[in-house]
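Below: one structure, written as structure tokens.
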Amino acid sequence: MRWLRENWLDFLIFLLIALVAAGVVLYLTGVNPFARPKVEVAAPPSMPKVSPTPASPSPAETPPALEPVVTVLPLPQAPRETPTPSPSQEPRKPAQENRPAPPRATPGGAYRVVVGAFADPKNAARLAQELSAKGYPVRLEAAGALTRVAVGPYASEEEAARVAQALQAYGARVYRGQGALPPQEGVYLQVGAFQKSENALALVEKLKGEGLPVTLVQDGLYRVRVGPVPEGEKESYRNRLRALGLEPVEVR
């Protein structure tokens with residue numbers, strides 16, 4: 001103990017060095033003298049899994065047995081037979097009407113058929129076009145303040161009568177004469193002659209808008225005439241027509 005009292009400082013230094021060396025060794029070896037030992041806890045025994053037992057259905061809840069699915073294929077239909085009509089059953093075709101063609105006009109003939117007379121020359125021109133499409137030789141004539149639709153001329157009265165009978169729905173009548181029926185008293189002032197009816201009717205419409213009496217004559221051309229005009233008033237009518245840019249020509 002005397003030595004320890006005399007050399008306690010050296011002993012303390014030696015002890016510290018030894019502790020440091022031991023700590024280094026423990027660090028390098030991974031030993032921790034201060035760590036608590038691990039205590040393994042045994043896991044409780046696992047309970048066996050019990051699968052639920054399905055309850056048996058009651059007789060009321062028992063599902064009905066599934067019926068087998070049966071696929072029914074459609075049977076192919078036999079082609080329909082088209083009955084062949086016998087000769088006695090063949091459809092009858094409508095008989096075509098064999099209408100005789102209208103007789104041709106005879107130049108210089110003495111008989112004509114008057115089909116109608118209209119105050120509006122447009123109505124006369126419309127009827128003339130309708131009859132011309134059916135093959136009738138049509139002309140328009142001035143009859144006073146009216147425009148007359150005539151068919152012909154024909155060489156005999158019998159021929160003209162057959163045409164009048166075919167056109168009886170129009171109230172046709174036969175008259176005799178080389179030209180038109182004798183006009184009423186007065187003169188006509190012709191203001192235009194056209195090859196196309198559209199141009200003639202346009203002028204007719206313009207003159208009727210001015211309050212002038214207008215007639216339409218067709219003899220190869222569509223002739224637009226104002227009249228009949230009394231002798232004492234024809235100069236007044238001339239001036240009115242010239243004011244419209246027209247040059248009237250007196251005709252009878």
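All values derive from a computational prediction rather than experimental measurement. What you see below is based on every heavy atom in this structure, not just the backbone, and it leaves out hydrogens, waters and symmetry mates. The first residue in the sequence is number 1, and the count goes up from there.
For the pair V115/L131, a side-chain contact is recorded, criterion being any heavy-atom separation below 4.5 Å from C-beta on. Contact check for P121 versus T215: no side-chain heavy atoms found under the 4.5 Å cut-off.
Between the T147 side chain and the L216 main chain, a donor and an acceptor come within less than 3.5 Å of each other. Within the 3.5 Å criterion, the main-chain N or O of G144 finds a donor-acceptor partner in the side chain of Y188.
Closest approach of A166 and Y136 over heavy atoms only: CB-OH, 3.7 Å. Between R148 and A142, the shortest heavy-atom contact is NH2-O, 4.0 Å. The shortest heavy-atom contact between Y170 and E130 is OH-OE2, 2.8 Å.
Partners of R223 according to the side chain to side chain donor-acceptor pair (under 3.5 Å) rule, which considers only residues two or more places apart in sequence or in another chain, are D219. With sequence neighbours left out, the salt bridge (Lys or Arg N to Asp or Glu O under 4.0 Å) criterion links R126 to no other residue. Scored by the salt bridge (Lys or Arg N to Asp or Glu O under 4.0 Å) test, E157 finds no partners at all (sequence neighbours excluded). Contacts of Q165 classified as side-chain contact (heavy atoms from CB on, under 4.5 Å), with partners at least two apart in sequence or in another chain: Q168. Residues satisfying the side-chain contact (heavy atoms from CB on, under 4.5 Å) test with A164, not counting sequence neighbours, are V113, A172, V174. Every residue was checked against the side-chain contact (heavy atoms from CB on, under 4.5 Å) condition with S236, not counting sequence neighbours, and none meets it. Partners of D10 by salt bridge (Lys or Arg N to Asp or Glu O under 4.0 Å), not counting sequence neighbours: none found.
Distance CG/L127 to CG/L140: 8.5 Å, rounded to 0.5 Å. Taking CG of L19 as the reference point, atom CZ of F14 lies at 10.0 Å (rounded to 0.5 Å).
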Can I get a per-line list of side-chain donor-acceptor pairs under 3.5 Å for residues 192-212, giving both atom names and the distance, sequence neighbours left out?
from	atom 1	to	atom 2	distance (Å)
S197	OG	Q129	NE2	3.2
E205	OE1	K122	NZ	3.0

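Applying the salt bridge (Lys or Arg N to Asp or Glu O under 4.0 Å) test to residues at least two apart or on different chains, the pairs with a partner in residues 225-237 are E231-K234, E231-R252, K234-E250, E235-R238.
Around the CZ atom of R104, the shell of radius 6.0 Å holds no more than 12 heavy atoms that belong to other residues, nucleotides or ligands.
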